[in-house]
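Just so you know, ligand 1 is whichever comes first in the structure, and atom 1 is the first atom listed for that ligand.
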Amino acid sequence: MSATFTLDGKEVPFRDGQTIIQAAQEQGAWIPHLCYHPEFKPHGSCKLCTVTVNGRHMASCTTQATAGQVVESNTEALNDERRTLLQMLFVEGNHFCPSCEKSGNCKLQATAYELGMMTPHFDHFYPSRPVDASHPEILLDFNRCILCSLCVRASRDVDKKFVFALSGRGIGTKLIVNAASGRLADTNVAMDDKALEVCPVGVILRKRHGFAVPIGERTYDKAPISECPDYSPLPAKEEA
Ligand code: SF4
Ligand code: FES
C-alpha cells in the first residue's frame with residue numbers, strides 16, 4: 001500500500017480498486033454517507049458523501065482513489081451542501097423523530113446532528129403511504145424511506161430473495177415489497193435476513209422491540225456518528 005491521496009490535507013494510503021470513502025474509512029476518517037455500506041456495492045443516490053477531488057464535486061463512494069488526488073471533505077461549503085441534502089430528505093418523508101423508535105439509532109438523524117442541521121427549511125411533503133403491518137414480526141413504515149436501496153441490495157445480494165425493490169421514477173420513486181399482493185406477509189422474508197438489519201432509518205422495524213434501550217444508551221447517544229465508523233475490515237487471511 002504505497003500510493004496515497006490527500007484528504008483534508010492528510011495523506012491517505014489506498015489499495016488498487018478502493019474508492020475514496022473506503023480508503024478514508026480504513027484510516028478512521030469519516031465522510032458523511034447514508035446509502036454507502038461497506039458490505040454492498042455503492043449505490044450513489046444520497047450524495048451526502050460528495051467531496052471535491054482536484055476541485056471537482058464527486059461522490060466519494062463511487063470514485064476510485066488514485067495517487068495524488070487532492071480530496072476535500074470537511075469544508076464549510078461541502079457541509080452546507082450536505083445540510084441542504086439532509087433537509088430535502090427530512091421534508092420528503094415523515095421524520096417525526098420524537099415518536100420514532102429508531103430515534104438515537106438512526107443514521108439520518110445522527111448525521112443531521114453531526115452536521116448541525118437546525119431546521120427542515122423546505123415545505124414538508126407529508127407523504128401518506130400506508131404502513132405494512134401484515135407480517136407478524138415486522139413492521140414497514142414507508143413514510144420514512146430515504147431510498148438508499150440498502151434493503152434491496154441486501155435482499156438481492158445476500159439473502160438471494162428480492163423481497164424489496166424500488167419502483168417508479170423521479171419524485172414518484174418508492175420502496176415496494178415484491179409480492180403480488182404487495183404485502184410483506186406474502187414474501188419469504190425471514191427474521192435472520194440481512195435485509196432486516198441494514199435500514200439506516202426507521203422503515204424496517206421488528207415489532208415489539210421499540211423503545212427498549214434507555215435514552216442515553218442508544219447508539220448515537222454514546223458517540224457521534226463521525227466516531228462510529230461502519231467499516232468492518234475482513235479478518236486478515238492467515239498466510240499458508
Ligand atoms: S427501507 Fe430503509 S434500507 Fe430500504 S431503501 Fe428505504 S431507507 Fe433504505
Ligand atoms: S454515500 Fe455516496 S452517494 Fe450516498
Side-chain angles (χ1 to χ4, degrees), residues 7 18-25 29-53 57-65 71 73 78-79 81-82 84-86 88-90 92-95 97 100-102 105-112 114-115 127 129-133 135 138-159 161-168 172-178 182 184 187 189 193-206 225-226 229-231:
L7 173 62
Q18 277 191 313
T19 59
I20 290 172
I21 202 169
Q22 284 173 330
Q25 287 206 338
W30 181 65
I31 296 177
H33 58 277
L34 288 171
C35 70
Y36 171 73
H37 186 296
E39 293 173 45
F40 302 102
K41 278 188 203 150
H43 189 237
S45 60
C46 76
K47 300 293 181 255
L48 258 285
C49 73
T50 299
V51 293
T52 56
V53 181
H57 281 62
M58 313 284 275
S60 61
C61 68
T62 53
T63 303
Q64 299 279 306
V71 181
S73 173
L78 285 166
N79 286 336
E81 291 172 12
R82 290 172 178 139
T84 302
L85 291 169
L86 289 165
M88 290 161 74
L89 288 172
F90 269 90
E92 280 169 17
N94 294 336
H95 297 284
C97 304
C100 177
E101 54 194 82
K102 201 70 182 273
N105 296 309
C106 169
K107 288 191 173 179
L108 176 67
Q109 182 195 51
T111 305
E114 184 72 354
L115 293 177
R129 304 176 195 126
V131 163
D132 181 343
H135 192 282
I138 307 161
L139 179 79
L140 299 177
D141 186 340
F142 296 101
N143 296 301
R144 301 172 180 151
C145 181
I146 59 170
L147 303 174
C148 70
S149 102
L150 278 168
C151 60
V152 178
R153 286 175 277 166
S155 188
R156 181 192 64 203
D157 301 342
V158 180
D159 307 328
K161 290 185 180 173
F162 300 88
V163 168
F164 299 102
L166 298 186
S167 168
T173 309
K174 60 179 182 179
L175 184 76
I176 56 166
V177 168
N178 203 0
L184 192 65
T187 69
V189 72
D193 280 0
K194 185 79 178 173
L196 303 185
E197 275 175 36
V198 292
C199 183
V201 292
V203 181
I204 305 176
L205 300 168
R206 285 167 197 255
I225 193 166
S226 58
D230 52 10
Y231 177 74

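How far CD1 of I146 is from CG of L48: 8.0 Å, rounded to the nearest 0.5 Å. Put simply, NE2 on H33 and SG on C35 are 9.0 Å apart, with the number rounded to the nearest 0.5 Å.
Within ligand 2, the atoms closer than 4.0 Å to a non-hydrogen atom of C49 are 1 (S), 2 (Fe), 3 (S), numbered from 1 in the order shown. Numbered from 1 in the order shown, with element, the atoms of ligand 2 that lie under 4.0 Å from a heavy atom of S45 read 3 (S). Per-residue contacts place C46 under 4.0 angstrom from the following atoms of ligand 2 (heavy atoms of the residue considered): 1 (S), 3 (S), 4 (Fe). Taking every non-hydrogen atom of L175 and a distance limit under 4.0 Å, the qualifying atoms of ligand 1 come out as 1 (S). Within ligand 2, the atoms closer than 4.0 Å to a non-hydrogen atom of C61 are 1 (S), 2 (Fe), 3 (S), numbered from 1 in the order shown. Atoms of ligand 1 found under 4.0 Å from any heavy atom of V201, numbered from 1 in the order shown, are 7 (S).
No donor-acceptor pair under 3.5 Å is formed between the side chain of D141 and the backbone N or O of V131. A distance-only check finds a donor-acceptor pair linking the side chain of H43 to the backbone of C148 [under 3.5 Å].
Counting heavy atoms closer than 4.0 Å to ligand 2, residue P42 contributes nothing at all. Neither the backbone nor the side chain of C35 has any atom closer than 4.0 Å to an atom of ligand 1 (non-hydrogen atoms only). Contacts between I146 and ligand 1 below 4.0 angstrom, taking non-hydrogen atoms only, involve backbone and side chain alike.
Residues L108 and F90 form a side-chain contact, since some pair of their non-hydrogen atoms from C-beta on lies under 4.5 Å apart.
Distances from ligand 1 to the non-hydrogen atoms of V198 include no value under 4.0 Å.
Nearest heavy-atom pair across S167 and I176 is CB-CD1, 3.7 Å. L175 and C145 make their closest contact through CB-SG, 4.0 Å (heavy atoms, listed as atom of the first residue, atom of the second, distance). Closest non-hydrogen pair, S60 versus I31, comes out as OG-CG2, 3.6 Å.
Contact annotation: C145 places no N, O or S atom under 2.8 Å from atom 2 (Fe) of ligand 1. Atom 8 (Fe) of ligand 1 has an N, O or S atom of C148 under 2.8 Å away, backbone or side chain.
Side-chain contact check for R156 and S149: no donor-acceptor pair (N or O, by modelled atom type) lies under 3.5 Å.
Of the protein's heavy atoms, C199 SG, 2.3 Å lies nearest to atom 2 (Fe) of ligand 1. Scanning the protein for heavy atoms near atom 3 (S) of ligand 2, the closest one is K47 N, 3.1 Å.
For the residues S45, C151, C46, S155, the heavy atom positioned nearest atom 3 (S) of ligand 1 is part of C151. With distances taken over non-hydrogen atoms, the option nearest atom 5 (S) of ligand 1 out of P200, A154, S149, G202 is S149.
One finds a salt bridge joining D193 and K161 here, because a Lys/Arg side-chain nitrogen approaches an Asp/Glu carboxylate oxygen to under 4.0 Å.
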